[in-house]
Amino acid sequence: MKRYSAFAIAREAARYHQGWERAWASPEPKKKYDAIIIGAGGHGLASAYYLGKNFGITNVAVIEKGWLGGGNTGRNTTIIRSNYLQDPSAAIYEKARSLYETMSQDLNYNVMFSPRGVIMLAQTHHEVRGYQRTAHANALQGVKTEWINPDRVKELCPIMNIEGPRYPVLGGLWQARGGTARHDAVAWGYARACSDMGMDILQKCEVTGVTSEDGKVTGVTTSRGDIGCDKLGIVVAGNSGHVAEMAGFRLPLESVALQALVSEPIKPCMDIVVMANTVHGYLSQSDKGEMVIGGGTDSYNNYTQRGSFHHIEETVRALIETFPMLSRLKMLRQWGGIVDVTGDRSPILSKTPLEGCFINCGWGTGGFKAIPGSGWGFAELMAKGHSPLTAEFGLDRFKEGRFIDESVAAGVAH
Amino acid sequence: MLILHCPYCGVDADETELAAGGQAHIKRETVGSSDGDFEEYMFMRQNPRGVHFERWRHVNGCGKWFHAARCTTTLEVFGTYSAQTLRPPQDLLTHITGKRPGWSFSQWLETLS
């Protein structure tokens, strides 16, 4: 792989850009791999990358039904933060956030990580107490956040109306090193690095079954033939239940639609990320100038990758009191993704009843920010059978009642 | 937008008039049940790509709970029925099998336990 650099741009500029290589190869499937990851989204590719980088396992295939990064990795609102209440969550999300800091250098791919800062607005007294508690918890966890007053919120985000009659801004939980990154680039950067290590990324290859012998996984059947493996990682977000069924076990989660929308591009007006959980909306401005708005999930099971129309109205209507300027904007695009939500709103990174088969799912509405940490922990789990990052996120926690209850801590946008 | 027919008050209600209540026909566990059974009742849910049975409440209408049969990949609504039953009515099941050949309620129910 030729490295990307300022020198490479100059070199290619001098020869009409004829020398750029394909970023990753499109090989034919081999008969057998040491490990197979189902799902070439951010989490799947990151898992493969750290299997190779941290554990030297490079005989790996990443199998994808559609195209690389075409699921929730390409459909989220690109927010990165780690201000979680519970210790296991703070650990894995902070690991992820810290890996984002150097990801562009590590992958030699510009993922445009922008630590512009994230505010979680407190607009009810309940939220004030909740976020102050989170700020204290974060201090103990070594996650740098602070509680800020309304004047500071206004200073950080002048377009905000903090005196709204219905939902006045009472303060906020501020994480200065949170921010955004270019979501597609995260998938592309990992894919390029995986391909460079000799891994096969098999796109347009649908898994149709999981084969096993004596309770141990032996491979998968796909639309491009049977492929054997010693270890299997299922990282398929909204379709986790469907693939788990092929592997012969059930999961405690439901798939629902989560949607987002963007406005027409406008001049720079907001250089931070704002999350307003009381009104079910979150907002940032993209580099193109679009206001990127995320809403809440639909409340019923859905695999259609589009959300309910009335949720757009509810989301925008609620945000307008806090961001009056939004009322004059035209909305350009709206899209949905299918997220897998567990009972305690925390992910599952776990061994499964099928030996050699591992699952990484349940990221629900907050997976993008976790991609590098999830990959890091899941790769360790697959390689060694255990990982301190994923220890608390096992499937057995639902039976044992050891929940990681972030739905209380994070409200809707999680 | 989903439109569900409320079997109690007879109104064809928009999604905004309703509240989704999750999977229908869950067996309730209580004191004396095993950890596994209780996990099943509390957390394990049917999550099919296709025909699904759900509870809905006509919250901005008559307020009653009812059941609906719906497809999760096309959002087609097959029908609604009373919540006072352990099993969907036979004519609804026949209607669904007509539209989804090869599908059976026992198959949906099987993975439930």
Side-chain angles (χ1 to χ4, degrees), chain A residues 65 206 236-246 248-257 296-314 317 336 338-346 348 353 361-362 364 394-403 405 407, chain B residues 1-4 13-26 29 33-60 65-78 80 100 107-113:
Chain A
K65 178 175 76 173
E206 181 175 1
V236 294
N239 285 305
S240 295
H242 185 66
V243 178
E245 201 180 312
M246 294 178 195
F249 58 91
R250 296 179 63 213
L251 293 171
L253 48 82
E254 291 182 286
S255 298
V256 295
T297 55
D298 284 347
S299 49
Y300 51 85
N301 292 33
N302 187 348
Y303 282 93
T304 61
Q305 294 192 312
R306 59 175 189 265
S308 293
F309 206 62
H310 69 269
H311 261 135
I312 303 171
E313 186 191 342
E314 281 172 17
R317 185 175 62 201
I338 300 305
V339 299
D340 44 336
V341 179
T342 61
D344 61 0
R345 301 296 187 275
S346 287
I348 297 168
C361 65
L395 261 176
D396 48 5
R397 73 173 188 267
F398 296 98
K399 189 180 277 183
E400 295 167 1
R402 289 181 297 102
F403 312 119
D405 198 354
S407 55
Chain B
M1 185 172 288
L2 289 177
I3 298 171
L4 301 180
D14 285 349
E15 192 177 328
T16 46
E17 213 172 303
L18 301 160
Q23 184 194 322
H25 305 297
I26 293 175
E29 297 290 339
S33 58
S34 71
D35 284 356
D37 286 344
F38 205 78
E39 179 195 21
E40 195 66 41
Y41 156 56
M42 281 294 275
F43 296 107
M44 291 299 188
R45 291 291 176 266
Q46 294 297 85
N47 194 16
R49 282 210 297 207
V51 182
H52 195 36
F53 295 87
E54 298 167 318
R55 304 170 73 221
W56 286 81
R57 188 175 174 224
H58 194 183
V59 65
N60 293 321
W65 283 96
F66 63 92
H67 286 171
R70 200 171 58 81
C71 178
T72 60
T73 53
T74 62
L75 302 189
E76 180 179 2
V77 178
F78 299 113
T80 56
R100 299 283 186 277
Q107 187 189 322
W108 185 85
L109 208 59
E110 207 170 78
T111 43
L112 207 63
S113 53

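Just so we're on the same page: letters track the sequence lines, and every chain starts at 1.
- Neither the backbone nor the side chain of A/Phe309 has a heavy atom closer than 4.5 Å to any heavy atom of chain B.
- At a 4.5 Å heavy-atom cutoff, the contact between A/Phe403 and chain B is made by side-chain atoms alone.
- Taking B/Thr74, B/Asp14, B/Asp35 one by one and counting their heavy-atom pairs under 4.5 Å with chain A, the maximum is reached by B/Asp35.
- Listed options A/Gln305, A/Glu400, A/Lys399 were ranked by heavy-atom pairs under 4.5 angstrom with chain B; first place goes to A/Lys399.
- Of the atoms belonging to B/Met1, it is side-chain heavy atoms, and not backbone ones, that fall under 4.5 Å from chain A.
- Heavy atoms closer than 4.5 Å to chain B are found nowhere in A/Arg397, neither backbone nor side chain.
- Atom CD1 in A/Ile338 sits 13.5 Å away from atom NE2 in A/His242 (nearest 0.5 Å).
- Side chain of B/Gln46 to main chain of B/Trp108: a donor-acceptor pair is present (N/O by atom type, distance under 3.5 Å, no hydrogens or angles).
- Salt bridge B/Arg49/A/Glu245: absent, no basic N to carboxylate O contact under 4.0 Å.
- Your options are A/Ser240, A/Gly241, A/Pro252, and the one with the most heavy-atom pairs under 4.5 Å with chain B is A/Pro252.
- A donor-acceptor pair under 3.5 Å is formed between the side chain of A/Asp298 and the backbone N or O of A/Ser308.
- For the residue pair A/Asn301 and B/Thr72, no side-chain donor N or O sits within less than 3.5 Å of a side-chain acceptor on the partner.
- At a 4.5 Å heavy-atom cutoff, the contact between A/Asn239 and chain B is made by side-chain atoms alone.
- Looking at every heavy atom in both residues, B/Phe38 comes nearest to B/Ser33 through CD1-OG, 3.6 Å.
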